[in-house]
*Asks:* 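One structure follows; several queries about it will come next.
Reckoned from all heavy atoms, side chains included, excluding hydrogens, waters and symmetry mates.
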Amino acid sequence: MEGAIEKRSQRQREIMSRLRSGRTLSVTALAADLAVSDETIRRELRALEDHGVIIREHGGARMTAPVHEGPLHQRMEENSDAKLRIARAAAEFVLDGAILFIDSGTTSCFIARQLVDRRALTVITNSLRVANDLGGINNNRLFLAGGQMDYDYRAFSDHHAQDFVRGFTPHLAILSVGGISTERGLMDFHPGEAEMSRIAYATSKQVLLGADSSKFGRYALIQTAALSEVDILVTDQPLEDDYARAFAHAEVVVA
């Protein structure tokens, strides 16, 4: 009996480890990965749901949404190869003289680094990292939203910063995202950053969303926009059929 309990405990830890990516994983995929039956996985998922650490969905499960992503330097290391490919492809949409809003997400920071050879940009941002990369070079103009700094994000996203950003009308907003779902749309983890995204969607002529494949099927805390509000999607893997249909209106670039 004791051995069986330990085996179940170990299996549940392995399931949790796989779900920490933030993606929704199917019962079938988990069963194949752990070499057990679908019914065994369903039993473990029921137990984990009873403890409030996962949410079961049709045919699968996901973690309950975390409220914090971790510090910027840590997030910059996650999927960095994919983010760099996305950044190089996204930079092709930015011409000299463009008026840009760039948010403080890690993928947006990668994109900003690819714009250091552009000239006469007008950059509106709430990110210190973006400001450091693009301010003071190539005859650029920089408008940095101020207020109370979030040290984990190295960014400003309080009401003062939001009011500042709301006054601009960029040609192009370059945005990141915490999670993407066909049911819930675009989501973020940080309330201030979520509101920054809403402002950008409302005020920008076009929106470019940079999102690596780990963001698809991932749930975050706060809904920011509908998928239909994205004009250009730059990602690192071909879209699954349901997402391809959901983004059929947009220009989709696979880097």
Side-chain angles (χ1 to χ4, degrees), residues 67-73 75-76 83 87 90-91 93-116 118-179 185-211 215 220-226 228-232 234:
V67 298
H68 189 260
E69 289 183 289
L72 180 67
H73 68 85
R75 290 183 289 119
M76 289 292 287
K83 290 174 181 176
F93 289 91
V94 179
L95 303 177
D96 289 348
I99 302 173
L100 308 172
F101 172 75
I102 306 178
D103 74 7
S104 65
T106 56
T107 304
S108 299
C109 290
F110 271 84
I111 295 170
R113 287 179 180 175
Q114 298 299 310
L115 301 178
V116 295
R118 300 295 189 277
R119 305 194 65 81
L121 297 177
T122 298
V123 178
I124 306 110
T125 188
N126 64 319
S127 165
L128 278 180
R129 185 179 287 261
V130 172
N132 287 334
D133 284 342
L134 295 179
I137 62 171
N138 302 340
N139 200 32
N140 290 346
R141 291 194 301 168
L142 177 75
F143 294 88
L144 176 61
Q148 182 176 4
M149 188 169 79
D150 185 312
Y151 286 94
D152 277 346
Y153 281 70
R154 307 295 293 175
F156 304 91
S157 60
D158 64 5
H159 291 298
H160 298 291
Q162 292 165 16
D163 288 344
F164 179 79
V165 169
R166 196 175 279 114
F168 293 90
T169 53
H171 295 153
L172 180 68
I174 296 174
L175 304 181
S176 300
V177 68
L186 304 170
M187 294 163 282
D188 216 325
F189 293 94
H190 188 292
E193 294 297 326
E195 183 59 26
M196 281 292 189
S197 291
R198 294 191 190 105
I199 293 167
Y201 280 105
T203 59
S204 302
K205 184 176 181 181
Q206 279 195 308
V207 172
L208 182 153
L209 182 68
K215 303 298 177 66
L221 185 64
I222 302 168
Q223 188 176 31
T224 59
S228 60
E229 295 189 54
V230 176
D231 299 294
I232 304 164
V234 186

*Asks:* Determine the minimum heavy-atom distance between M196 and S157, stating which atoms define it.
*Replies:*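 Distance-wise, the nearest heavy atoms are CE-CA, 3.9 Å.
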*Asks:* Distance from F110 atom CZ to D133 atom CG, nearest 0.5 Å?
*Replies:*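 Result: 11.0 Å between the selected atoms.
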*Asks:* Identify the heavy atoms of D96 and R118 that sit nearest to each other, and give their distance.
*Replies:*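 Scanning both residues, the minimum pair turns out to be OD1-CA, 3.4 Å.
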*Asks:* With a 4.5 Å heavy-atom cut-off, do I99 and I124 have their side chains touching?
*Replies:*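 Answer yes - side chains close enough.
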*Asks:* For the CD atom of Q162 and the CD atom of E193, what is their distance to the nearest 0.5 Å?
*Replies:*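 It comes to 9.0 Å.
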*Asks:* Closest approach of G185 and Q223, non-hydrogen atoms and distance?
*Replies:*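 It is N-NE2, 4.3 Å.
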*Asks:* Mark yes or no for whether D231, through its side chain, and V207, through its backbone, hold a donor-acceptor pair below 3.5 Å.
*Replies:*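 Checked: pair present.
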*Asks:* Could you give the distance from OG (S104) to CZ (R154), rounded to the nearest 0.5 Å?
*Replies:*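 Rounded to the nearest 0.5 Å, the OG-CZ separation comes to 11.5 Å.
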*Asks:* What is the minimum heavy-atom distance between S197 and L175, and which atoms define it?
*Replies:*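 Distance-wise, the nearest heavy atoms are O-CD1, 4.3 Å.
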*Asks:* Any side-chain to backbone donor/acceptor pair from T224 onto A194? Under 3.5 Å, distance only.
*Replies:*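 No; judged by distance alone, with no hydrogens or angles, the pair does not exist.
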*Asks:* Between L144 and L128, does a side chain to side chain contact (heavy atoms under 4.5 Å, CB included) hold up when you go through it step by step?
*Replies:* CA-CA 8 Å; L144 176 61; L128 278 180; 3.9 Å; yes
*Asks:* Looking at A211 and V177, what are the two nearest heavy atoms and their distance?
*Replies:*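 In this case the closest contact between A211 and V177 is CB-CG1, 3.9 Å.
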*Asks:* Are the side chain of N138 and the backbone of V116 linked by a donor-acceptor contact shorter than 3.5 Å?
*Replies:*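 Side chain of N138 to backbone of V116, a donor-acceptor pair under 3.5 Å: yes, one is there.
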*Asks:* Quick one: CG on L172 to OG on S204, what's the gap to the nearest 0.5 Å?
*Replies:*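 Answer rounded to 0.5 Å: 7.5 Å.
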*Asks:* Could you label the plane-to-plane angle of the H190 and Y153 rings as parallel, tilted or perpendicular, counting under 30° as parallel and over 60° as perpendicular?
*Replies:*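 The rings of H190 and Y153 stand perpendicular, inter-plane angle above 60°.
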*Asks:* If every non-hydrogen atom of A90 is compared with every non-hydrogen atom of I111, which pair is closest and at what distance?
*Replies:*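 That would be CB-CD1, 3.7 Å.
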*Asks:* Are F143 and F168 an aromatic pair by the rule of ring centers under 6.0 Å?
*Replies:*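 Between F168 and F143, which both carry aromatic rings, the centre distance is below 6.0 Å.
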*Asks:* Within the 4.5 Å heavy-atom criterion, are V94 and L121 side-chain neighbours or not?
*Replies:*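 The answer is yes; the side chains approach within 4.5 Å.
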*Asks:* Between OG1 of T125 and CG of L142, what distance do you get to the nearest 0.5 Å?
*Replies:*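 CG of L142 is found 7.5 Å from OG1 of T125.
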*Asks:* Give a yes or no on whether the backbone of G135 and the side-chain of N140 come within a donor-acceptor separation of less than 3.5 Å.
*Replies:*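 No, because the side chain of N140 does not come within donor-acceptor range (under 3.5 Å) of the backbone of G135.
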*Asks:* Check whether S176 reaches the backbone of S108 with its side chain - one donor and one acceptor, N or O, closer than 3.5 Å.
*Replies:*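 Yes: the side chain of S176 pairs with the backbone of S108.
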*Asks:* Could you tell me the separation between the CG atom of L100 and the CG atom of L134, rounded to the nearest 0.5 Å?
*Replies:*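 L100 atom CG to L134 atom CG measures 8.5 Å (nearest 0.5 Å).
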*Asks:* Could you note down all residue pairs passing salt bridge (Lys or Arg N to Asp or Glu O under 4.0 Å) where residues 195-204 supplies at least one of them, sequence neighbours left out?
*Replies:*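 Pairs touching residues 195-204 that pass the test: R166-E195, E195-R198.
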*Asks:* Indicate yes or no: at least one non-hydrogen side-chain atom of L209 is less than 4.5 angstrom from one of L186.
*Replies:*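 They are in contact (side-chain heavy atoms under 4.5 Å apart), so the answer is yes.
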*Asks:* So, do F101 and N126 sit near enough that their side-chain heavy atoms are less than 4.5 Å apart?
*Replies:*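 SC-SC contact between F101 and N126 confirmed.
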*Asks:* Decide side chain to side chain contact (heavy atoms under 4.5 Å, CB included) for V130 and C109; before the verdict, give the C-alpha distance in whole Å, the side-chain angles of both, and the deciding distance to 0.1 Å.
*Replies:* CA-CA 6 Å; V130 172; C109 290; 4.2 Å; yes
